[in-house]
Amino acid sequence: MQHDDVIWDLIGNDSFCSYKVKTKTQQFCRNEYNITGLCNRSSCPLANSQYATVREEKGLCYLYMKVIERAAFPARMWEKVKLDRNYAKALEQIDENLIYWPRFIRHKCKQRLTKITQYLIRIRKLTLKRQRKLVLLSRKVERREKRREEKALIAAQLENAIEKELLDRLKQGTYGDIYNFPIHAFDKAMEKQEEETESEEEEDEEEPVTREFVADDGFEESDLSDFEDMNNLKGSSDEEEEAEEESSEEEESEEELEEEKTKAQSKGKAPLKGPIRKKRAYVEMEYEQETEPAQKSKAT
Amino acid sequence: MLYSDKRGKTKKVKRKVKPDEAPVQEMDQAEGEETEKKSVSGPCFPPTFSVSEIKNKQRRHAMFLKLKEEKRKQKLELKKKKKKERKALGDQAPPKEVPKTIENQRIYDETTVNPEDEEVAFDEGTDEFSAYFSRLTNPKVLITTSDRPRGRTVRFCEQLATVIPHAHVYYRRGLALKRVIPQCVSRGFTYVMVINEDRKVPNGLVLCHLPDGPTAHFKVSNVRLRKEMKRRGKDPTEHVPEVILNNFSTRLGHSIGRLFAALFPHDPQFVGRQVATFHNQRDFIFFRFHRYIFKNEKKVGIQELGPRFTLKLRSLQKGTFDSKFGEYEWVHKRHEMDSSRRKFHL
């Protein structure tokens with residue numbers, strides 16, 4: 001026999017029910033046929049022999065009804081009625097199926113139906129929009145990738161690679177005449193110079209001793225502090241060089257100038273731009289002086 | 001008996017520098033101290049025992065350390081000997097062996113491009129980038145993010161826009177990419193770059209070449225913004241930077257390289273002395289942005305400006321962005337492709 005009160009005493013307030021979830025303020029019922037979701041005397045599907053719910057399956061709403069006549073047949077206890085897709089018609093269907101049923105259950109069924117239709121509409125709207133696909137990260141894979149990336153970074157030696165590439169491009173001449181460095185021919189001449197014996201190198205070294213580069217009378221280093229002016233000077237000195245006919249001595253002296261310049265640079269470790277300008281000024285000074293020997297020769 | 005044996009053995013070990021062969025002593029301690037290694041009475045059997053058979057942890061550890069010491073010494077001796085031989089031979093010495101690196105041991109990829117390959121040259125002449133490389137189009141890049149970007153991503157986009165010339169940043173505002181793309185095409189953009197964000201950090205990049213060009217999806221990691229760079233210089237100027245592409249060797253690598261190259265305008269302004277580098281190493285593409293200065297013709301100084309990040313290619317799709325119905329040229333499949341440490345695809 002179905003004694004609802006007895007059942008409620010056994011599972012209800014402050015008793016144990018396996019569907020009950022207790023929080024500080026409220027008790028919830030996890031039973032899937034529960035109409036409100038709360039654990040109440042009137043909402044408990046176990047403690048009410050006449051009960052009805054609305055549930056949703058794959059976008060369709062169904063009305064489930066339980067009557068006391070079928071209490072002895074658990075397999076057939078719940079009667080399932082498919083509700084219409086149209087919200088208004090579904091409400092009418094609920095009314096007609098639950099006619100003469102308690103007000104509470106009718107009301108709650110309709111409320112539940114309303115909620116369900118609302119969230120179904122929302123689902124349909126969201127699926128039309130773009131959805132974020134969550135891709136699962138595997139921790140092992142992420143760690144592995146991170147480590148491989150670090151190793152690859154070390155193996156890459158980026159700065160060296162970039163510097164090498166830039167120097168290669170300079171050698172190939174992609175920069176044109178912007179930079180005032182000697183090109184291949186002069187490089188080869190330099191290499192030949194280095195291959196020569198020591199005695200000849202000594203001879204070369206003797207030359208700067210005889211040719212001593214002295215600052216001009218009106219020349220001051222401060223004049224060349226501006227970068228733009230330097231470029232202009234460089235251009236002008238280029239023209240001067242091209243204008244004069246250079247002998248091999250000129251080339252040698254240039255190379256020595258280069259060596260001196262590199263020596264001077266290697267002495268100081270300094271950040272890029274400031275001292276380089278000074279060194280460039282130093283070079284410029286020497287190029288200017290190259291005109292002097294020609295003049296001297298003309299004079300004599 | 002066994003206990004005293006082991007004790008004797010270890011004591012012997014500690015007092016003398018002994019080789020691996022440890023003769024088992026049955027004698028007393030006193031005799032053990034005096035006798036040398038070789039003149040040992042009592043059976044000595046070959047070291048079929050291994051260090052792991054000693055049950056006591058401390059002694060086992062001590063024995064193991066001794067063993068290691070021995071091995072190290074032998075190795076050093078061997079090295080010294082080799083060095084001596086090398087010196088003695090002088091010029092006739094055999095050449096030094098090149099150490100094995102992952103790059104050396106890389107499994108040869110059949111799609112590695114031979115520079116003189118005509119088929120590749122023909123393909124590259126007729127693919128989607130041919131318009132760019134034959135100087136018909138100028139690049140114009142649209143940079144955007146995923147929905148609701150956080151500050152870091154926004155700043156990253158801005159910095160990218162300074163690095164890439166003709167780049168414009170637009171907010172996404174929940175628009176669908178498929179609708180964005182035709183609009184971009186109509187406004188003359190050549191590239192759409194979408195930076196995906198997760199947990200306030202950019203982690204993905206979708207690079208779509210516009211007039212129905214390929215779409216590449218990358219994983220982004222190690223993003224460093226400009227203010228986090230050490231010893232960086234002033235902000236990059238408006239000059240068009242040069243581009244360096246390193247180590248793109250296979251067909252796939254080539255197409256990705258061209259993808260990157262077409263981001264930048266053709267004629268770099270050397271006055272600006274800026275260079276953007278995409279360096280591929282073991283399938284990771286490192287992006288750096290530097291300013292360089294030539295100190296002389298043998299030395300160049302570089303100074304890092306600009307953001308840096310690493311990319312890893314996840315997929316390359318043939319048409320414009322279409323994740324469902326697109327035709328994928330290449331997809332990174334972890335179980336197939338990550339199984340070997342020596343196999344790389346770019």
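In what follows, every chain begins at residue 1, and chains take the letters A, B, ... in the order their sequences are listed. Computation of the quantities below employed the complete heavy-atom set of this structure, encompassing side-chain atoms and omitting hydrogens, waters and symmetry-equivalent molecules. Since the model is a prediction, treat every value here as computed from it, not as a measurement.
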Student: In sequence, state the C-alpha distance, the side-chain angles, and the governing distance for Arg148(A) and Ile102(B), and then conclude on side chain to side chain contact (heavy atoms under 4.5 Å, CB included).
Tutor: CA-CA 11 Å; Arg148(A) 283 192 185 170; Ile102(B) 291 185; over 6 Å; no

Student: Just give me the residue among Glu165(A), Lys129(A), Lys133(A), Arg169(A) that pairs up with chain B most often, heavy atom to heavy atom, under 4.5 Å.
Tutor: Arg169(A)

Student: Kindly check if the number of other-residue, nucleotide or ligand heavy atoms within 6.0 Å of CG (Leu134(A)) is above 12?
Tutor: no

Student: Is it the side chain or the backbone of Asn280(B) that comes within 4.5 Å of chain A heavy atoms, both, or neither?
Tutor: neither

Student: Given heavy-atom pairs under 4.5 angstrom as the criterion, report whether the side chain, backbone, both or neither of Leu158(A) touches chain B.
Tutor: side chain

Student: Locate the shortest heavy-atom distance separating Glu103(B) from Ala155(A); write the atom from each residue and the value.
Tutor: OE2-CB, 4.1 Å

Student: Leu175(B) versus chain A, heavy atoms under 4.5 Å apart: side chain, backbone, both or neither?
Tutor: backbone

Student: Looking only at non-hydrogen atoms, find the nearest pair between Tyr292(B) and Leu166(A) and report the distance.
Tutor: CB-CD1, 3.6 Å

Student: His279(B) and Ala161(A): which non-hydrogen atoms are nearest, and at how many Å?
Tutor: CE1-CB, 3.9 Å

Student: Less than 4.5 Å to any heavy atom of chain B: does that hold for the side chain of Lys151(A), its backbone, both, or neither?
Tutor: both

Student: So for Arg144(A), is it side chain, backbone, both, or neither that comes closer than 4.5 Å to the heavy atoms of chain B?
Tutor: side chain

Student: Could you tell me whether Lys343(B) atom NZ has more than 12 heavy atoms of other residues or ligands within 6.0 Å of it?
Tutor: yes

Student: So which part of Phe270(B) gets closer than 4.5 Å to some heavy atom of chain A, the side chain, the backbone, both or neither?
Tutor: both

Student: Walk me through it: do Asn222(B) and Leu153(A) pass the test side chain to side chain contact (heavy atoms under 4.5 Å, CB included)?
Tutor: CA-CA 11 Å; Asn222(B) 278 356; Leu153(A) 183 62; 5.6 Å; no

Student: Does a sphere of radius 6.0 Å around OH in Tyr328(B) hold more than 12 heavy atoms from other residues, nucleotides or ligands, not counting ones at 6.0 Å or beyond?
Tutor: yes

Student: If I measure from the heavy atoms of chain B, does Glu142(A) come under 4.5 Å with its side chain, its backbone, both, or neither?
Tutor: side chain

Student: Where do Phe284(B) and Glu145(A) come nearest, in terms of heavy atoms and distance?
Tutor: CZ-O, 3.6 Å

Student: Please classify the contact of Lys219(B) with chain A as side chain, backbone, both or neither, using a heavy-atom distance under 4.5 Å.
Tutor: side chain

Student: Quick one: of Thr277(B), Ile244(B), Leu177(B), who has the most non-hydrogen atom pairs under 4.5 Å with chain A?
Tutor: Ile244(B)

Student: What part of Arg334(B) gets within 4.5 angstrom of chain A, counting heavy atoms only: side chain, backbone, both, or neither?
Tutor: side chain

Student: How long is the gap from CG on Asn203(B) to CG on Leu137(A), to the nearest 0.5 Å?
Tutor: 8.0 Å

Student: Measure Asp283(B) against the heavy atoms of chain A and call it side chain, backbone, both or neither at under 4.5 Å.
Tutor: neither

Student: Take Arg288(B) and Glu159(A) through the test side chain to side chain contact (heavy atoms under 4.5 Å, CB included) and record every step on the way to the result.
Tutor: CA-CA 10 Å; Arg288(B) 300 285 185 269; Glu159(A) 273 104 47; 5.9 Å; no

Student: Might you confirm whether atom CD of Glu228(B) has over 12 heavy atoms from other residues, nucleotides or ligands at distances under 6.0 Å?
Tutor: yes

Student: Is it true that atom CZ of Arg85(A) has more than 12 heavy atoms of other residues, nucleotides or ligands lying nearer than 6.0 Å?
Tutor: no

Student: Check Lys312(B) with Glu149(A), please: is the shortest side-chain N to carboxylate O separation under 4.0 Å?
Tutor: no

